[in-house]
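See below for the structure under consideration.
Both counts, for ligands and for their atoms, begin at 1 and track the order of listing. In this chain, numbering begins with 1 at the start of the sequence shown.
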Amino acid sequence: MYDVNEIRRDFPILSREVNGRPLVYFDNGASAQKPRAVIDAITHSYCQEYSNVHRGLHFLSNLMTDRYEAVRGKIGRFLNAAHENEIVMNSGTTEGINMVAYGWAMPRMEAGDEIILTVMEHHANIVPWHFLRERLGVRLVWIDIDDDGHLDPQRVLDAITPRTRLIAVSHVSNVLGTRVDVKAISEGARARGVPVLVDGSQAAMHMRVDVRDIGCDFYTITGHKLYGPSGSGAIYCRSERMAEMSPFLGGGIMIKEVHKDRISWNDPPLKFEAGTPPIVQMIGLGVAIEYLDTLGMAAIERHETALRDYAVSRFGDVERLRLQGTTSDKAGIFSFTLEGAAHAHDISTVLDKKGVAVRAGHHCAGPLMERLGLTATCRASFGLYNTMDEIDVMIEALELAQDLFG
Ligand code: PLP
C-alpha cells in the first residue's frame, strides 16, 4: 500500500517552510530530494567507514571498496543489465555521454558520418555531439516531434542512412514529459546495425527501466534525480560496446601497467573509472536505489500517473495557461506559459512566494525551445512524494499570477 503521507516523513526537507508556507517541491526534474536513509548512509560512511577505494590493503579501504563495488551490482539489477560489469559508475549523465562521445564515438567516426538526435534532447545529449561535428565534421541529423510532443519512432528509423553511426535519444523529455518508444527505436536500429544511446536521466526516477528489454547499447542515469546524492550516476554499456570503447579519462585505477614507453589498461568497467571516484556519493546512490526498490517502481509510477492525471484536469482551470507537451502517456513533467502574461521567471517568482518550487527557463533544451517558438517556460515536475493537495496549492498560485499579470 503506497502511503504518500508516510513516505513524505522519510524526506526531512519536506517538513520545512519556504516564505512562511509549507514547501511544495515541484522541481524534481532538476534534482530530487533525499530520503533520510540516504542522508544517514552518507553520515555513517564519513563517521565510521571512510577511506579511498581500490588501492589500500587496510581494513577501512577494503570495507569501502566492498561497499562501493556493491553499488555496481545494485545499479546493474536496477537496470536489469546482463552483468554488473556493464555498469560504469560516474558523476552522472553528463559524464556518461561525454565518455561515449570521446571514448567510443570519436575514434570510430569521420567527416560525413551521421548522428541522429531529436529536437527534444537536453544539452548534455547535444553538446558532446557538437564537439564531434566541430572537430571531425560529423553531421547531426535532427528529428522533429509532433505538435503535442510525441516522437514517432519510425521517423527516427527512416532517417538512418549508410552513414549513420549512432542514435542518441532521451527516454523521457525533461521539458515535455514525453515518453519515447526507445524499444522500437533500438529494435529497428539494431536490425540496421546502428547503436543507440538512451539518456535515461528523466526516465529512471519515474518508471521501471529494463535495458535488456529496451535493447539499447548505452543507457545513462543521474543519481541526484534518483533521490541519491549529486555527483553520482552511471552508464550501462552493452558489453560489445564496452569492448570497443577507448578510455576517456586517464589516471589511477584505469591502468594495469604504466611504464615510460608503454601502458596497458585495466579491465572494463574500471578502465573507464579513472582516479578517486565519488565514493560516498555512490554509496548514497546505492541506498537510494534500495529505497526505490522497497517502494517499488511500479507503485511509484502508479502514484505519479494519478498525480499527472489530476494535474491535467486542474491545469484546465487556469484559463490562460498553455501546456507544452500533451501526450496522454507522458510522465508527470509539465511545462507551461501564461498566455499574454508575464515571463516564466515572473510566474515562478509568484509561485515561490507561495512556497511552490518550479523551474523557469530554457531547461537546457535550446533546440526544443526553438521548435516551440519560446524562450522560456515554467516547469513543474513531480516526484514520488508529491500530493494532489500540493497541485491544488500550485493551481491557486497560478490563478493569482494570472490575475496579477492579466
Ligand atoms: N539529460 C536530461 C534529460 C536531463 O534532464 C539532465 C538534467 O537535467 C541531464 C541529461 C544532465 O544530467 P546531469 O547534469 O546530472 O549530468
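For ligand 1 and T93, the ligand atoms under 4.0 Å from any heavy atom of the residue are 10 (C), 12 (O), 16 (O). Atoms of ligand 1 found under 4.0 Å from any heavy atom of S201, numbered from 1 in the order shown, are 1 (N), 2 (C), 4 (C), 9 (C), 10 (C). Within ligand 1, the atoms closer than 4.0 Å to a non-hydrogen atom of T222 are 12 (O), 13 (P), 15 (O), 16 (O), numbered from 1 in the order shown.
In the displayed structure, E319 atom CD is contacted under 6.0 Å by at most 12 heavy atoms of other residues, nucleotides or ligands. Annotation: E244, atom CD; neighbour count of heavy atoms from other residues, nucleotides and ligands within 6.0 Å is above 12.
A distance-only check finds a donor-acceptor pair linking the side chain of R371 to the backbone of I145 [under 3.5 Å]. A donor-acceptor pair under 3.5 Å is formed between the side chain of K225 and the backbone N or O of G29. Listed for the T118 side chain is a donor-acceptor partner under 3.5 Å among the backbone atoms of M120.
Residue D199 places a heavy atom less than 4.0 Å from ligand 1.
Remark: among candidates Q202, E121, H123, the nearest residue to atom 5 (O) of ligand 1 is Q202, based on non-hydrogen atoms. With atom 4 (C) of ligand 1 as the reference point, the heavy atom nearest to it among R359, H171, H122, H363 is part of H122.
Taking the six-membered ring for Trp, Y310 and F382 have ring centres at least 6.0 Å apart.
Summarising the geometry of L384 relative to Y2, their closest heavy-atom pair is O-OH, 2.7 Å, with the distance given to 0.1 Å.
For H224, every heavy-atom contact with ligand 1 shorter than 4.0 Å involves the side chain, none the backbone. Contact annotation for T94 and ligand 1: heavy atoms of both the backbone and the side chain come within less than 4.0 Å of the ligand. Of all the heavy atoms of E95, none lies under 4.0 Å from any atom of ligand 1, so neither backbone nor side chain is involved.
Of the protein's heavy atoms, K225 NZ, 2.5 Å lies nearest to atom 8 (O) of ligand 1.
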